[in-house]
Amino acid sequence: MSPLPAAHPPADMAIYHLPTGTYETRAALAVRGGSFRDKRQFAASAILVRHPDGDLLIDAGFGADVAAHIKLLPAFVRAPYRAGRTVQEQLDAAGYSRDRLAGVLLTHSHWDHSSGLDSLRGTPLWMNADEQRYAAKDPDGKVFRLVSRGYDIREYAFPDGPYLEFESSYDVHGDGSVVIVHAGGHTEGSVIVFVTVPAGRRYAFIGDLTWQIDGIRRRAERPWLMSKLADSDPGQVRRDLDRMIALDGLMQIVPAHDLGSYDGIPLLVPEGAGRSR
């Protein structure tokens, strides 16, 4: 592995965690070798990246109409869930002006990453061409197609060459602080977002490359059947997972649905009580 690429984040850059709720999944369905007795609380969250050249939200979490969104899912994937404050409610509580937001950057278009778009209209939606094509044809993409109606889509590409063994990348601000790489295995346009903050701490927001940190620490992939159902290209997932395993210890790796992986990232506002369903 080559040395970590240079990054020069501005002094007033910062990141914040916006948790919007959780849903329950058996470990046996989440990681290979998991137990049916082990219940995992899958996080549905967003990350706010503040940068003087424009802020970004990574994913959108649960929306105001999450109950209706879940009813659009196939019955076998619905699960007990607990909804907290939406991203929009947390931004309002923090006194944050959405005029600062350059866009919502989805790691991919699945419902538990896009539901919160229902209350963020007026902000551009950042998607690459591969994920736009995938989202248009995904049999389970009803939620995304509903909540993304009327959005201004900012299509981005990956013009900046290799990054940490990934073949193509996009350095959003040109300073190495926010770098998006194409990791199209879970969905065709899935991405990983690498973020470096002024103190030098680095993060990798890996979306659903693995659902739980076990995929990194124990090399525990998704169960075979779940991989066949959930991943567009299981082989690509495996290759990208190996790339991220090699980076463990050099940065904080954050699978989108692993609650503990967000530890140490400050909340934008104190977390409010959730609503069980």
Side-chain angles (χ1 to χ4, degrees), residues 16-31 34-48 57-93 104 106-120 135 138-148 186-187 190 205-215 222-223 225-227 229-231 254-263 265 267-277:
Y16 299 93
H17 180 204
L18 287 72
T20 66
T22 59
Y23 60 95
E24 186 178 286
T25 300
R26 302 280 179 172
L29 302 177
V31 293
S35 169
F36 272 99
R37 294 188 298 274
D38 179 7
K39 295 179 181 179
R40 302 286 178 97
Q41 297 303 314
F42 270 34
S45 290
I47 292 289
L48 176 65
L57 276 170
I58 302 174
D59 288 333
F62 285 166
D65 291 329
V66 64
H69 299 162
I70 288 175
K71 288 180 181 177
L72 293 175
L73 304 176
F76 74 94
V77 300
R78 297 174 196 168
Y81 70 96
R82 184 174 176 82
R85 285 183 286 185
T86 66
V87 166
Q88 180 59 63
E89 289 170 335
Q90 292 179 61
L91 295 176
D92 288 346
V104 182
L106 298 182
T107 57
H108 62 291
S109 56
H110 285 163
W111 77 275
D112 42 359
H113 299 256
S114 62
S115 171
L117 293 175
D118 66 359
S119 49
L120 292 169
D138 176 17
D140 296 329
K142 293 179 182 178
V143 174
F144 172 79
R145 290 189 286 271
L146 172 67
V147 298
S148 63
H186 181 55
T187 66
S190 287
F205 298 99
I206 67 172
D208 285 8
L209 182 63
T210 177
W211 287 324
Q212 300 279 274
I213 198 66
D214 307 61
R222 276 186 266 278
L225 179 58
M226 297 307 296
S227 179
L229 292 172
D231 295 330
V254 185
H257 299 305
D258 190 295
L259 275 172
S261 295
Y262 292 90
D263 287 352
I265 302 175
L267 296 171
L268 183 65
V269 292
E271 193 169 359
R275 305 185 299 276
S276 296
R277 294 290 185 271

Checklist entry - Once the angle between the rings of H186 and H110 is folded into 0 to 90°, is it parallel (under 30°), tilted (30 to 60°) or perpendicular (over 60°)? => result perpendicular
pair [X]-[Y]: side-chain heavy atoms closer than 4.5 Å:
X    : Y    : answer
D140 : P74  : yes
L57  : L120 : yes
H17  : Q90  : no
L91  : L268 : yes
D59  : S45  : no
V104 : L117 : yes

Quick check: closest heavy atoms across [X] and [Y], and the distance to 0.1 Å?
X    : Y    : result
T187 : S190 : OG1-OG, 2.7 Å
L106 : A60  : CD2-N, 4.4 Å
A79  : Y23  : CB-CD1, 4.5 Å
S119 : Q88  : O-OE1, 3.3 Å
S114 : V143 : OG-CG1, 4.5 Å
P139 : R145 : O-NH2, 4.4 Å

Rounded to the nearest 0.5 Å, what separation is found between the [atom1] atom of [X] and the [atom2] atom of [Y]?
X    : Y    : atom1 : atom2 : answer
I70  : D112 : CD1   : CG    : 9.0 Å
H257 : I206 : NE2   : CD1   : 10.5 Å
R82  : T22  : CZ    : OG1   : 7.5 Å
H113 : F62  : NE2   : CZ    : 10.0 Å

Checklist entry - Does W111 have its ring centroid less than 6.0 Å away from the ring centroid of Y81? => result no
Counting only N and O atoms by type, is there a donor-acceptor contact under 3.5 Å from the side chain of [X] to the main-chain atoms of [Y]?
X    : Y    : result
D258 : S261 : yes
Y262 : A256 : yes
T20  : A44  : yes

Item to check | Test side-chain contact (heavy atoms from CB on, under 4.5 Å) applied to V269 and E89, step by step | outcome: CA-CA 10 Å; V269 292; E89 289 170 335; over 6 Å; no
Item to check | Candidate pair I265 and F205, rule side-chain contact (heavy atoms from CB on, under 4.5 Å), full reasoning | outcome: CA-CA 12 Å; I265 302 175; F205 298 99; 4.0 Å; yes
Checklist entry - For D208 and T107, what are the C-alpha separation, side-chain angles and deciding distance, and is it a side-chain contact (heavy atoms from CB on, under 4.5 Å)? => result CA-CA 8 Å; D208 285 8; T107 57; 5.8 Å; no
